Each structure stands twice: as C-alpha cells, then as structure tokens.
Novice: 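Here's a structure for you.
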Amino acid sequence: MGLKSESTFLGDFLRQCGGYAVIDGGLATELERHGADLNDPLWSAKCLVSSPHLIRRVHLDYLEAGANIIISSSYQATLQGFEAKGISREEGEALLRRSVEIACEARNIYNDRASKGSWDDFDDGTGLKRNPVLVAASVGSYGAYLADGSEYSGIYGDAITVKTLKDFHRRRVQVLADSGADLIAFETTPNKIEAQAYAEILEEEAINVPVWFSFSSKDGINVASGDSIAECSSIVDSCKQVVGIGINCTSPRYIQGLIQSIRKVTSKPILVYPNNGETYDGVKKEWVASRGVVEEDFVSYVDKWCDAGASLVGGCCRTTPNTIRAISKVLTRRSHSV
C-alpha cells in the first residue's frame with residue numbers, strides 16, 4: 001500500500017472504526033499456550049519455521065476478540081538471527097515475507113467467515129458490520145536480536161552507532177516494506193539512537209508504506225534508555241511516513257503520563273499497547289509477576305488513556321484475547337457515545 005496521503009492513513013482508518021481502533025495482544029505467550037516451545041534465540045519467530053499454523057491461530061483468536069490491527073510475527077525475525085541458526089539470507093527474507101502472509105491469511109479467513117455470518121458477534125446490534133482489519137509488519141529492536149534483555153534497557157554500548165543500527169536493520173525494513181503489509185510497526189524502541197536510525201532508513205530508502213513507532217518506558221517519563229520520550233517522538237514525528245506514535249511493552253500505570261508527553265510534540269494518532277505490568281528479567285529470561293495486573297484492572301485504564309489522547313489501544317506481553325475482547329467493548333462503547 002503506497003502513501004496515498006500518509007497524514008490521513010490512520011485517520012481514515014480510525015473513522016471507519018468509529019473513532020477508535022483495537023490493536024491485538026501478546027503473541028509469544030499465546031503461542032506457548034497453544035503448545036509452542038519458544039526457548040530459542042528466535043523466540044516467537046521460531047514458529048515461522050516450525051509451526052506457522054499456530055501463528056495463524058493466534059492471529060485469528062485476536063481477530064475474533066475484536067482486534068482491528070494484527071501485528072506480524074517478525075518482531076524477533078532478523079536476517080542476522082536466522083543466519084546464526086543456519087538459515088540462508090534468501091530463506092530468511094522469505095520467512096520475513098511469510099510472517100506477513102500468515103497474518104494476511106488469518107485476515108482472509110476471518111473476513112470470509114464474517115461474510116458468511118459465522119461469527120455470532122459479527123453484528124453488534126447496531127447493524128454495523130465488523131470493522132476493517134490492517135496487518136502491521138513488526139520490526140523489533142537491535143536489543144531483541146541480541147536476546148540479552150537490552151531491548152528493555154536500551155543500553156547497547158558505545159560501539160553501537162546510528163550507522164551500525166542502519167546496517168543491521170536496512171534490508172529487513174526493505175523486505176517488510178515490500179511484503180504486502182498495510183504498515184510497518186517499529187516496536188519497543190528503547191532509545192533515541194535507534195529511532196534516529198529507523199528514521200534515516202525511511203528517508204534514504206524512500207520507504208513507501210505508512211509506519212508507526214512505539215517506544216518502551218520503565219519510569220513513565222523517559223524511554224527505556226533514559227532518553228526523553230518527547231525528543232524521541234519529535235525525531236520520528238518529522239518523518240513523512242510516520243502515521244502514529246505511541247508506547248508498547250510498558251506497565252499500564254505509566255501510560256497516561258507518557259501519552260500526555262507525546263501529545264505535546266505530535267498531532268498524529270497516538271497508540272498504546274502496554275504489557276500487563278510484569279517486569280522481564282533478561283538474565284533469567286522470564287517475567288516477574290510482582291507488578292502484574294489482572295485483566296479487569298488493565299481494562300479499567302482504557303478510558304483514561306483515551307481521554308488523554310490515545311485512539312488505538314491493545315496489549316503487549318502477557319495480555320490475551322480476553323484482554324483484547326474487553327478493550328474492544330470499552331472502545332465500542334466510546335464510539336457509540338460520541
């Protein structure tokens with residue numbers, strides 16, 4: 001999809017959705033719930049090789065739950081990571097494209113069933129049919145490839161420069177831009193240097209699909225590395241391809257303040273898809289549950305986020321189709337009350 005008018009791409013979509021759109025939820029934990037073993041440096045991307053049918057199943061679960069945007073399984077899928085597993089560059093590029101194809105297949109299955117009236121909740125009682133669905137191609141950070149927890153700290157070391165990161169990400173971004181996805185989602189961006197690298201790639205390669213950026217935060221004030229959320233948002237706001245800016249994989253309690261900080265520097269739609277409040281231990285490679293919130297608590301935040309300026313809401317790590325179903329109900333109610 002070309003940039004028909006990048007400034008109105010998400011705006012038009014949001015209008016079709018009634019003013020608010022639902023982003024999907026956690027992928028890896030749902031894959032594990034369906035039986036996948038993700039104890040691997042490729043994490044969820046391992047399923048692109050071993051069990052793509054599970055990825056399709058999870059996408060469908062989220063569509064059934066009310067998601068308007070499903071995000072591809074390419075977050076941890078890097079050409080360098082595939083090569084480290086003995087997968088050739090050509091095969092790696094094919095797997096990147098496959099991640100988007102699987103999401104598109106799920107959308108097609110869902111739309112086909114919906115058109116036949118197979119979903120009990122297809123008509124919400126207002127005579128309105130299910131909203132359109134976008135497929136976003138996920139790009140995870142350099143730290144996600146390292147699989148050492150640095151995606152949650154943004155501390156890459158002095159040896160990593162903007163050029164290093166551009167060299168790392170460039171081909172992957174090119175492949176995903178040509179994959180048939182509706183947009184590219186640069187997710188869990190933990191620092192200013194990586195935001196700058198992405199922005200320069202978009203410009204240098206004249207990427208012709210809409211993109212969004214979502215940053216992560218540990219304190220509700222700055223991005224994970226300690227860089228200013230306002231400064232990072234300003235860097236990407238200046239890119240013509242950027243259609244939305246927001247926050248993901250961050251505790252729900254920090255989201256409202258971060259939305260307010262982003263709103264000061266952009267007029268573009270703001271998107272939020274927090275985790276469930278748990279903290280990731282990069283050494284033990286496990287989620288620490290001390291601060292997790294139950295789904296009812298998570299959903300109780302949604303109105304506050306929308307009041308602060310968010311118009312796209314979903315979930316990240318450890319959220320489930322039940323979370324997304326509840327978010328969808330809140331956003332549907334808000335749409336009907338406008």
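Counting from 1, the numbers follow the sequence of the chain as shown. Nothing here was measured: the structure is a model prediction, and the numbers come from that model.
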Novice: Is there a side-chain contact between I55 and C47, using heavy atoms and a 4.5 Å cut-off?
Specialist: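 They are in contact (side-chain heavy atoms under 4.5 Å apart), so the answer is yes.
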Novice: Under 3.5 Å, is there a donor-acceptor pair between the side chain of S179 and the main chain of R97?
Specialist: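 Pair absent, no side-chain N/O of S179 close to backbone of R97.
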Novice: Between R56 and D61, is there a salt bridge with N-O shorter than 4.0 Å?
Specialist: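 Salt bridge between D61 and R56, a charged N being under 4.0 Å from a carboxylate O: no.
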Novice: Between K85 and D40, does at least one N-O distance fall below 4.0 Å, as a salt bridge requires?
Specialist: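 Counted as a salt bridge, because a side-chain N and a carboxylate O are separated by less than 4.0 Å.
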Novice: Less than 4.0 angstrom from a charged side-chain N to a carboxylate O is my criterion; do R107 and D112 meet it?
Specialist: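 Salt bridge: no.
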Novice: Apply side chain to side chain donor-acceptor pair (under 3.5 Å) to the pair S150 and Y156, showing each step before the final yes or no.
Specialist: CA-CA 7 Å; S150 60; Y156 293 164; 5.5 Å; no
Novice: Which atoms form the tightest heavy-atom contact between G92 and I87, and what is the distance?
Specialist: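 Smallest interatomic distance, heavy atoms only, reads N-CG2, 3.8 Å.
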Novice: Between T319 and G25, is there a donor-acceptor pair closer than 3.5 Å when you use the side chain of the first and the backbone of the second?
Specialist: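 Looks like no, no N/O pair under 3.5 Å.
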Novice: How many angstroms lie between atom CH2 of W212 and atom CG of L271, to the nearest 0.5 angstrom?
Specialist: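 One gets 5.5 Å once the value is rounded to the nearest 0.5 Å.
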Novice: Is it true that a side-chain atom of T266 and a backbone atom of R263 form a donor plus acceptor pair closer than 3.5 Å?
Specialist: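 Here the side-chain-to-backbone pair does not exist.
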Novice: Is T332 reaching over with its side chain to a backbone N or O of K329, donor-acceptor style, under 3.5 angstrom?
Specialist: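 Checked: no pair found.
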Novice: Quick one: CG on N275 to OG1 on T29, what's the gap to the nearest 0.5 Å?
Specialist: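 These two atoms lie 10.5 Å from each other.
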Novice: Flag yes if more than 12 heavy atoms outside Q260 fall under 6.0 Å of its CD atom; otherwise flag no.
Specialist: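 Enclosed.
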Novice: Given the rule in the side chain to side chain donor-acceptor pair (under 3.5 Å) test, do T164 and T161 qualify, once you have shown the distances and angles that lead to the verdict?
Specialist: CA-CA 5 Å; T164 312; T161 64; 2.9 Å; yes
Novice: Where is the tightest heavy-atom contact between I235 and S238, given as atom of each residue plus distance?
Specialist: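 Heavy-atom minimum between the residues: O-OG, 2.8 Å.
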Novice: Please check if any side-chain donor atom of T188 sits under 3.5 Å from a side-chain acceptor atom of N248, or the reverse.
Specialist: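 N248 and T188 do have a side-chain donor-acceptor pair below 3.5 Å.
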Novice: Closer than 3.5 angstrom, by distance alone: can the side chain of N68 be matched with the main-chain N or O of V22 as a donor-acceptor pair?
Specialist: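 Here the side-chain-to-backbone pair exists.
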Novice: To the nearest 0.5 Å, tell me how far L31 CG sits from L54 CG.
Specialist: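 Atom-to-atom, L31:CG and L54:CG are 6.5 Å apart.
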Novice: What is the minimum heavy-atom distance between W43 and A28, and which atoms define it?
Specialist: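 In this case the closest contact between W43 and A28 is CZ2-CB, 3.3 Å.
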Novice: So do the side chains of I69 and D24 get within less than 4.5 Å of each other, counting heavy atoms only?
Specialist: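 No. Closest side-chain heavy atoms not under 4.5 Å.
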Novice: Strictly by modelled atom types, are Y152 and S216 linked by a side-chain donor-acceptor pair under 3.5 Å?
Specialist: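 Y152 vs S216: no donor-acceptor pair found between side chains.
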Novice: How many angstroms lie between NE2 in H53 and CD in E105, if you round to the nearest 0.5 Å?
Specialist: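 Here the interatomic distance stands at 13.0 Å.
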Novice: Would you say that W305 contacts Q256 through its side chain, given a criterion of any heavy-atom pair below 4.5 Å between the two side chains?
Specialist: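 Answer yes - side chains close enough.
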Novice: According to the ring pair (Phe, Tyr, Trp, His ring centres under 6.0 Å) rule, which pairs have a member within residues 178-204, sequence neighbours left out?
Specialist: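 The answer is H169-Y198, F186-Y198, F186-F213, Y198-F213.
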Novice: Run the salt-bridge test on D303 and R333 with the 4.0 Å N-O cut-off and return the result as yes or no.
Specialist: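 Yes, D303 and R333 are salt-bridged.
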Novice: With the 4.5 Å side-chain cut-off for hydrophobic clustering, are I221 and I255 part of the same group?
Specialist: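 Unlinked, I221 and I255 end up in two clusters.
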Novice: Show the numbers, then the answer: is there a salt bridge (charged side-chain N to carboxylate O under 4.0 Å, His left out) between E64 and R325?
Specialist: CA-CA 8 Å; E64 291 178 40; R325 187 172 287 107; 5.6 Å; no
Novice: Does a side-chain heavy-atom distance below 4.5 Å link R334 with C306?
Specialist: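 Yes - at least one pair of side-chain heavy atoms lies under 4.5 Å apart.
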Novice: Between the main-chain N or O of L202 and the side-chain N or O of Q241, is there a donor-acceptor pair closer than 3.5 Å?
Specialist: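 Side chain of Q241 to backbone of L202, a donor-acceptor pair under 3.5 Å: yes, one is there.
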Novice: Consider only side-chain heavy atoms of I, L, V, M, F, W and Y, link residues closer than 4.5 Å, and tell whether F215 and V265 are in one cluster.
Specialist: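 Each belongs to a different hydrophobic cluster.
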Novice: Taking Q76 for the side chain and P41 for the main chain, is one N or O donor matched with an acceptor at less than 3.5 Å?
Specialist: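 Flag set: sc Q76 to bb P41 pair under 3.5 Å.
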Novice: Is the side chain of R172 donor-acceptor paired with the backbone N or O of A77 at a distance under 3.5 Å, no angle test?
Specialist: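 Answer holds: yes.
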Novice: Look at the side chain of S233 and the backbone N and O of I262, then say whether any donor-acceptor pair between them is shorter than 3.5 Å.
Specialist: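 Not a single qualifying donor-acceptor pair exists.
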Novice: Is there a side-chain contact between V100 and L176 in this structure, where contact means two heavy atoms from C-beta onward sitting under 4.5 Å apart?
Specialist: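 Of all side-chain heavy-atom pairs linking L176 with V100, at least one is under 4.5 Å.
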Novice: Answer with yes or no whether the hydrophobic clustering places Y145 together with I155; edges join I, L, V, M, F, W, Y residues whose side-chain heavy atoms lie under 4.5 Å apart.
Specialist: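 No, separate clusters.
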Novice: Within a strict 4.5 Å, meaning less than it, do heavy atoms of the L331 and V313 side chains meet?
Specialist: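 In short, these two side chains touch, coming nearer than 4.5 Å.
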Novice: Side chain to side chain contact (heavy atoms under 4.5 Å, CB included) between I259 and I270: does it pass, once the steps are laid out?
Specialist: CA-CA 7 Å; I259 294 170; I270 293 179; 4.1 Å; yes
Novice: Go through it in stages, so that I can follow the logic: the residues are V223 and K192, the test is side chain to side chain contact (heavy atoms under 4.5 Å, CB included), and I'd like the CA-CA distance, side-chain angles, deciding distance and then a yes or no.
Specialist: CA-CA 8 Å; V223 300; K192 182 171 66 173; over 6 Å; no
Novice: Could you tell me which residues satisfy side-chain contact (heavy atoms from CB on, under 4.5 Å) with A197, sequence neighbours excluded, listed by chain and number?
Specialist: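 Here the qualifying residues are V162, L165, K166.
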Novice: Pairing donors with acceptors under 3.5 angstrom, does anything connect the side chains of T320 and N322?
Specialist: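 Side-chain D/A pair, T320 to N322: absent.
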Novice: Does R57 come within less than 4.0 Å of E30, counting only side-chain N to carboxylate O?
Specialist: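 Salt bridge flag = no for E30 with R57.
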Novice: Side-chain contact, heavy-atom cut-off 4.5 Å: E151 with S141?
Specialist: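 Counting from C-beta outward, E151 and S141 do come under 4.5 Å.
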Novice: Over all heavy atoms of both residues, which pair between A195 and T189 is shortest? Give the atoms and the distance, please.
Specialist: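 Of all heavy-atom pairs spanning A195 and T189, the closest is N-CG2, 3.9 Å.
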Novice: Could you walk me through whether L183 and V243 pass the side chain to side chain contact (heavy atoms under 4.5 Å, CB included) test, one step at a time?
Specialist: CA-CA 9 Å; L183 61 107; V243 297; 5.5 Å; no
Novice: List the steps, then state whether side chain to side chain contact (heavy atoms under 4.5 Å, CB included) holds for V209 with D182.
Specialist: CA-CA 7 Å; V209 294; D182 299 302; over 6 Å; no
Novice: I need the Q174 CD to E93 CD distance, nearest 0.5 Å.
Specialist: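 Reported value, rounded in 0.5 Å steps: 8.5 Å.
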Novice: Would you name the heavy atoms of D227 and C232 that are closest together and state the gap between them?
Specialist: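 What the structure gives for the nearest pair is CB-SG, 4.0 Å.
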Novice: Determine whether D219 and S217 satisfy the following criterion, side chain to side chain donor-acceptor pair (under 3.5 Å), listing intermediate values before the conclusion.
Specialist: CA-CA 6 Å; D219 61 7; S217 173; 3.3 Å; yes
Novice: Please report the shortest heavy-atom distance between Y273 and S214, naming the atom on each side.
Specialist: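 Heavy atoms only, the tightest pair is OH-OG, 3.2 Å.
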Novice: With rounding to the nearest 0.5 Å, note down the distance linking OG in S74 to CG in L96.
Specialist: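 Interatomic distance, S74 OG to L96 CG, rounded to 0.5 Å: 6.5 Å.
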Novice: Can a side-chain donor-acceptor contact be found between S88 and E91 if the only test is distance below 3.5 angstrom?
Specialist: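 Distance-only check passes for E91 and S88.
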Novice: So do L134 and F13 actually touch side chain to side chain, heavy atoms under 4.5 Å?
Specialist: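 Answer yes - side chains close enough.
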Novice: Start with the C-alpha distance between E187 and S138, add both sets of side-chain angles, then the distance that settles side chain to side chain donor-acceptor pair (under 3.5 Å), and finish with yes or no.
Specialist: CA-CA 7 Å; E187 301 189 278; S138 172; 2.4 Å; yes
Novice: With the threshold set at 4.0 Å, does a side-chain nitrogen-carboxylate oxygen contact exist between D12 and R15?
Specialist: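 R15 and D12: salt-bridged.
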Novice: Could R170 and E204 be called an ion pair, given the rule that one side-chain N must be under 4.0 Å from one carboxylate O?
Specialist: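 A salt bridge is present here (some side-chain N lies under 4.0 Å from a carboxylate O).
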